[in-house]
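The structure appears below as structure tokens.
Here the structure is a predicted model, which is why all the values come from computation and not from measurement. As a basis for the values below, the full set of heavy atoms in this structure was taken, side chains included, without hydrogen atoms, waters or symmetry mates. Below, read A as the first sequence line, B as the second, and so on, with proteins coming before strands; counting in each chain starts at 1.
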Protein chains: 2
Amino acid sequence: MAQNEKPTIMDITRLTGLSKGTVDRVLHNRGEVSKKSYEAVMKAIQELGYEPNVFASMLAKGGSHLIAVLMPEDAPGSFWHLAATGMNKSKDPLLTGGVKVEHFGYNPTDAESLRAAAEKMRDSNPSGVVIAPMFRTGTEMITSVLRELKIPYVFIDSKIDDSGYLAYFGMPMYRSGYLCADQLTGGRPVNNVLVVRIQRDLQGKSDPTVNRRAGFMDYMHEHCPDCVIHNIMIDPSDPVGIEKAMDEYFEANPDTHHIVMFNSRIHLLVPWLDKHPQRGRRVVGFDNLEANMQALSRGAVSVLICQHPDEQVAMAIQALSERIVLGKHPARRDNFMHMDILTRYNVDFY
Amino acid sequence: MAQNEKPTIMDITRLTGLSKGTVDRVLHNRGEVSKKSYEAVMKAIQELGYEPNVFASMLAKGGSHLIAVLMPEDAPGSFWHLAATGMNKSKDPLLTGGVKVEHFGYNPTDAESLRAAAEKMRDSNPSGVVIAPMFRTGTEMITSVLRELKIPYVFIDSKIDDSGYLAYFGMPMYRSGYLCADQLTGGRPVNNVLVVRIQRDLQGKSDPTVNRRAGFMDYMHEHCPDCVIHNIMIDPSDPVGIEKAMDEYFEANPDTHHIVMFNSRIHLLVPWLDKHPQRGRRVVGFDNLEANMQALSRGAVSVLICQHPDEQVAMAIQALSERIVLGKHPARRDNFMHMDILTRYNVDFY
DNA sequence: TTTAATTCCGTGCACGTTCACGGAAATTTT
DNA sequence: AAAATTTCCGTGAACGTGCACGGAATTAAA
């Protein structure tokens, strides 16, 4: 081993009198080596401070692992479509050389489509899986199989009770509601708040925004106990219905100046907001969808709180890659992403 | 080339009838190849969609380039110390296998120390350099040498007029002042604002915060024309002097409720702020120093606008690595980082 | 003790690039 | 036309690891 070069496997062989093959076997502890040799090699590794050369390793094993992403699929401009862009945004140009990513989409309102996607996913024989769980029981079936096959998996967006996941990347939903309330009120007393919600059939579906709403309500109780919180329900597929609902509400409550939605669909209100401009109104929503950001820079929306679904995916892939390629465990198992506050004055550099 | 394997250099040789060596020469366009063969190879590359195997490449050329970071050095808890942590935060575990990073620190108030650091830096024979420029003329001397030696360099934090830099990572200073004003006032009329500044001898030193102040003033003119903006100067090394200055100011102007600083030192005011709590006061500062973030979660400071000096360093190293190792040019030359808004409600997950 | 079974280990090629070296081919000079 | 350049190109040995194969050493069975 030259002066300041890194030690290689061959240095270990020289120190132990053993051969490449044996050293390799203990490095990947795949057995077929005597206790005596095993310890000798371990000792040598310690002494030399040996670290495997990732480049040689990747070259030899011939690249291309597959990471499967099991995640809802939705139209361009939607939350899940934004998340999907994170698959190609892997920070790591070198890891991407050895890792392929494939998206297995499913319909977030149809448990059966999850089954089908999982089926295809398993056929692709992945080395790691990213899961955005929408249905608890369906997800449990998948993870139990993965655990049996010793395929590592990580959750994004939300997670289910489970002991075997490698990591989780998501937003602290309760706290995001708290933050949202603070941004909406500016920490000052407010009389009326309108919460716009989406009606859906919740059969068996876990809705993470309930936690967000809880955080919101708690903040309001603590800081704004006298504020009246109104709710209206809308159907995202019915634009005229939305405008009608808004008109009706504001006819009855003309002195409401604060509007909030807890999901990523604040852009649905933009047509109405544009038609009814109003000074001093404050509108807060979530997630950096293209439509939302446009509304923000035009001033229709005041604040957007962003959880970066795309970054969640990217980090999940990163964690899996490091696990698969380098054998590393992530530093933290549960990773709560930063909540970004976006206004019209910092949205440009996003 | 097997069915869905990636094409290699050998595939190109088969297609062109040339040899490894020649193909390699055109890939790294280092001459010694006829026009005819050059074009043949280029055509084959195009057709096959050839991309070099990074792992094989790194292995063959034998790792370990050096990236030098020429950046002020300061005490723990300071702006530049935070920036320095970004050197080890390289996103890319594989790149770090082939790249070493070394910090050459200098005293940001002493132009001569920059010379000394640059000297040492040159002796280390780096493959790439990250520069945080504090002195214009000193920096120009360095970059001209680097250009001559064809060593790529990138600026962080601020940049000087220069045609040869590979990339720049920094904050949009003017816009950050604008954003700051919006966060301070909440978009509502304000009567008095106190700007706390640091007195220093500006001989030859470029102070990027002047742009920030300009953005701040412009916002105030546009949105708050009647507001009076007061300035006081403090000496960071004199804590009692700071408290005295604050006391004096507030004795004369008891109805000021908005305080702002344009550099990273808002924590200097915390002792005074703690002693004089006041409901409805708003304090805005910059940068995610540990001390600043503590002040934020305690409520002494209302908002922190963060430019992530550590991420700037990390991205600079990333860009240089990709250039050196992969020969890639960065997507954008001037990169304005996102400005994060931190309040006590989202600081925990930072 | 011999043979069979098992456990353990070394050898050698493969992965795709890089680069120094030497030599063939083309061009220029005598 | 031969010699001297110059231009261009092919060869082959690294780089460090992974893994299949076969064989040696050890233990168990006969």
Please list, for nucleotides 21-28 of chain C, all pairs of protein and nucleotide N/O atoms separated by less than 3.5 Å.
none

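- D:dT17 atom C1' lies 8 Å from atom NE2 of A:H28, rounded to whole Å.
- Along DNA chain D, the nucleotide nearest to B:V33 and the one nearest to B:A56 differ in position, and the one closer to the 5' end is contacted by B:V33.
- Considering only residues two or more places apart in sequence or on other chains, A:E102 meets the salt bridge (charged side-chain N to carboxylate O under 4.0 Å, His left out) condition with none of them.
- Taking atom NZ of B:K6 as the reference point, atom P of C:dC15 lies 16 Å away to the nearest angstrom.
- To the nearest angstrom, P of D:dT17 lies 11 Å from CD1 of A:I45.
- In summary, B:D11 and B:R14 engage in a salt bridge, as defined by a charged side-chain N under 4.0 Å from a carboxylate O.
- Comparing the local axis fitted to the first five base pairs of the helix from C:dA4-D:dT27 to C:dT30-D:dA1 with the one fitted to its last five gives a bend of 50°, rounded to 10°.
- If you measure from atom CZ of B:R14 to atom C1' of D:dG10, you get 16 Å, rounded to the nearest angstrom.
- Proximity of B:S37 to the phosphate of D:dC9: a side-chain N or O atom is located under 4.0 Å from OP1 or OP2.
- Going from atom OG1 of B:T16 over to atom NZ of B:K43 covers 10.5 Å, rounded to the nearest 0.5 Å.
- Nearest heavy-atom pair, B:A68 versus B:F104, reported as atom, atom and distance to 0.1 Å: CB-CE1, 3.5 Å.
- Distance A:M10 CE to D:dA14 P: 13 Å, rounded to the nearest Å.
- Checking the phosphate oxygens (OP1, OP2) of C:dC9, no side-chain nitrogen or oxygen of A:Y38 falls inside 4.0 Å.
- Listed for the B:T139 side chain is a donor-acceptor partner under 3.5 Å among the backbone atoms of B:F135.
- Between A:F336 and A:Y168, the angle of the ring planes goes over 60°, which puts this pair in the perpendicular group of the 30/60° scheme.
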*Take A:T22 and A:R25 through the test side-chain contact (heavy atoms from CB on, under 4.5 Å) and record every step on the way to the result.*
CA-CA 5 Å; A:T22 308; A:R25 275 184 284 267; 3.6 Å; yes

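- Nucleotide C:dG10 holds its P atom 13 Å from the CD1 atom of A:I9, rounded to whole Å.
- By the 4.0 Å N-to-carboxylate-O rule, B:D24 lies close enough to B:R30 to be salt-bridged with it.
- The B:L59 side chain lies nearest to C:dG16 when the options are C:dG16, D:dG10, C:dC9.
- An OP1 or OP2 oxygen of D:dC9 is reached within less than 4.0 angstrom by no side-chain nitrogen or oxygen of B:S19.
- Rounded to whole Å, the distance from CZ on B:F55 to P on D:dG18 is 13 Å.
- Across all strands shown, A:D24 has heavy atoms under 4.0 Å from base atoms, whether or not it also approaches the sugar-phosphate.
- Along DNA chain C, the nucleotide nearest to B:N53 and the one nearest to A:K36 differ in position, and the one closer to the 5' end is contacted by A:K36.
- For A:K20, the listed nucleotide lying nearest its side chain is D:dT17; candidates were D:dT17, D:dG16, C:dT17.
- Following rounding to the nearest Å, A:M58 (CE) and C:dT17 (P) show an atom-to-atom distance of 14 Å.
- When side chains are defined from C-beta on, B:I142 does not count as touching B:Y153, because their heavy atoms never get closer than 4.5 Å.
- Nucleic acid contact class of B:L27 (heavy atoms, under 4.0 Å, all strands): none.
- Checking side-chain atoms of B:Q312 against main-chain N and O of B:D157 turns up a donor-acceptor pair under 3.5 Å.
- Taking side-chain N and O atoms only, A:S34 has no distance below 4.0 Å to OP1 or OP2 of C:dT7.
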